[in-house]
Amino acid sequence: MTRSGRTTKLSLIAAATALALTGCGSLHPGVAAVVGSHTISDQKVDDVARAVCSANSGGAAAPMPSRHARQLALQVLLENELAHQLAQEKGVTASKAQVSRAVAQADQGIAQLPADQRDDFREALTGAQESQLVLLDIGRKSLESQGKTKVTQEQAQAEGNRLLNTYTNKIDVKVDPRYGSFKDNTLTPGGKGLSVAVSPRAADGE
């Protein structure tokens with residue numbers, strides 16, 4: 001696999017787009033977000049952000065992820081969880097073989113990361129691949145149920161994203177304001193709160 005291909009795979013998480021979100025409110029200390037009954041911890045966000053930073057710096061350890069990296073990490077974790085919950089509701093599962101093949105293409109790059117960051121990156125990447133596959137499947141089935149034939153991947157993806165946004169508006173999603181604020185159902189960058197360590201592990205790194 002070419003270096004360009006590895007870079008593309010390892011940049012997947014950092015390039016994740018913002019999600020449409022709904023809900024707000026105070027959260028318990030150490031909680032970055034709550035999606036329905038699922039909790040995403042500050043520690044998890046820090047772990048993924050650190051791995052993303054390392055991946056995008058050629059494998060060099062990133063002891064203190066930036067505020068931007070944390071926001072991107074949370075966006076990916078939110079997207080993965082929302083897609084997972086929608087897939088459960090629709091009875092759709094991603095092909096394990098397809099997910100494994102996609103993640104395997106990044107193995108060489110993952111191996112260059114610090115040992116304690118590889119599992120966090122691989123887990124987030126796996127979740128992102130699963131999300132992409134289930135949303136394509138959900139979108140394709142939705143369009144076919146409307147009588148459309150020869151559905152393209154772009155059409156299926158657009159429909160899957162539309163249904164994900166609709167689903168997101170139906171469930172309770174709370175995000176710590178430090179990670180962002182809500183406007184028009186979109187997570188926008190937050191204040192300066194994430195510029196300092198937000199977990200014991202991050203404090204140790206700092």
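What's counted below: heavy atoms across the whole structure, side chains too, no hydrogens, waters or symmetry copies.
- Under the 4.5 Å side-chain criterion, counting only non-hydrogen atoms from C-beta, Leu77 is in contact with Val45.
- Asp47 has its side chain out of reach of Asp119: every pair of non-hydrogen atoms, C-beta onward, lies at least 4.5 Å apart.
- Looking at Asp137, its side chain never comes within 3.5 Å of a backbone N or O of Leu133 through a donor-acceptor pair.
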Go through it in stages, so that I can follow the logic: the residues are Val103 and Phe121, the test is side-chain contact (heavy atoms from CB on, under 4.5 Å), and I'd like the CA-CA distance, side-chain angles, deciding distance and then a yes or no.
CA-CA 10 Å; Val103 174; Phe121 191 92; over 6 Å; no
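- Atoms CG and CG, from Leu135 and Leu86 in turn, are 6.5 Å apart once rounded to the nearest 0.5 Å.
- We find that Asp176 and Arg70 are not joined by a salt bridge, their nearest charged nitrogen and carboxylate oxygen being 4.0 Å or further apart.
- Note that CD1 of Ile110 is 11.0 Å distant from CD of Gln105, once rounded to the nearest 0.5 Å.
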side-chain contact (heavy atoms from CB on, under 4.5 Å), that's the test. Do Leu72 and Val52 meet it? Break it down for me.
CA-CA 9 Å; Leu72 285 171; Val52 169; 5.8 Å; no
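- Using a distance-only test at 3.5 Å, with no hydrogens or angles considered, a donor-acceptor pair links the side chain of Arg118 to the main chain of Leu113.
- Side-chain contact between Arg122 and Asp107 is present, with at least one heavy-atom pair separated by less than 4.5 Å.
- In this structure, Gln117 contributes its side chain and Pro114 its backbone to no donor-acceptor pair below 3.5 Å.
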Test log, rule side-chain contact (heavy atoms from CB on, under 4.5 Å), inputs Val76 and Val48
CA-CA 9 Å; Val76 172; Val48 173; 5.7 Å; no
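- Placement of Val35 and Tyr167 within a single hydrophobic cluster is found when ILVMFWY residues are connected by side-chain heavy-atom separations under 4.5 Å, directly or transitively.
- Following chains of ILVMFWY side-chain contacts shorter than 4.5 Å, one cannot reach Leu163 starting from Leu143, and the two form parts of different hydrophobic clusters.
- Put simply, NE2 on His84 and NE2 on His38 are 8.0 Å apart, with the number rounded to the nearest 0.5 Å.
- Taking the side chain as every heavy atom from C-beta outward, Asn80 and Glu130 never approach each other to under 4.5 Å.
- Checked by atom type, the side-chain pair Ser142/Gln146 shows a donor-acceptor distance below 3.5 Å.
- Residues Val134 and Ala83 approach most closely at CG2-O, 4.1 Å, considering heavy atoms.
- Look at Lys44 and Glu123 and you find a salt bridge, because one of the NZ, NE, NH1 or NH2 atoms lies within 4.0 Å of a carboxylate O, short of that distance.
- Expressed to the nearest 0.5 Å, how far CG of Leu74 lies from CD1 of Ile40 amounts to 5.5 Å.
- When only modelled atom types and interatomic distance are considered, Glu79 and Ser131 share no side-chain donor-acceptor pair under 3.5 Å.
- With hydrogens and angles ignored, the 3.5 Å screen pairs no side-chain donor or acceptor of Gln85 with any backbone N or O of Ile171.
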From CA spacing to verdict: side-chain contact (heavy atoms from CB on, under 4.5 Å), Val34, Asp172
CA-CA 8 Å; Val34 176; Asp172 189 21; over 6 Å; no
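- Nearest heavy-atom pair across Ala94 and Val99 is CB-CG2, 4.1 Å.
- Considering CG of Leu82 and OG1 of Thr168, their distance stands at 4.5 Å, rounded to 0.5 Å.
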Working note: Glu159 + Arg162, criterion salt bridge (Lys or Arg N to Asp or Glu O under 4.0 Å); need CA distance, chi angles, decisive distance, verdict.
CA-CA 5 Å; Glu159 178 67 0; Arg162 184 189 71 79; 2.8 Å; yes
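- Here Ser100 contributes atom OG and Gln129 contributes atom CD; the two are 10.5 Å apart, rounded to the nearest 0.5 Å.
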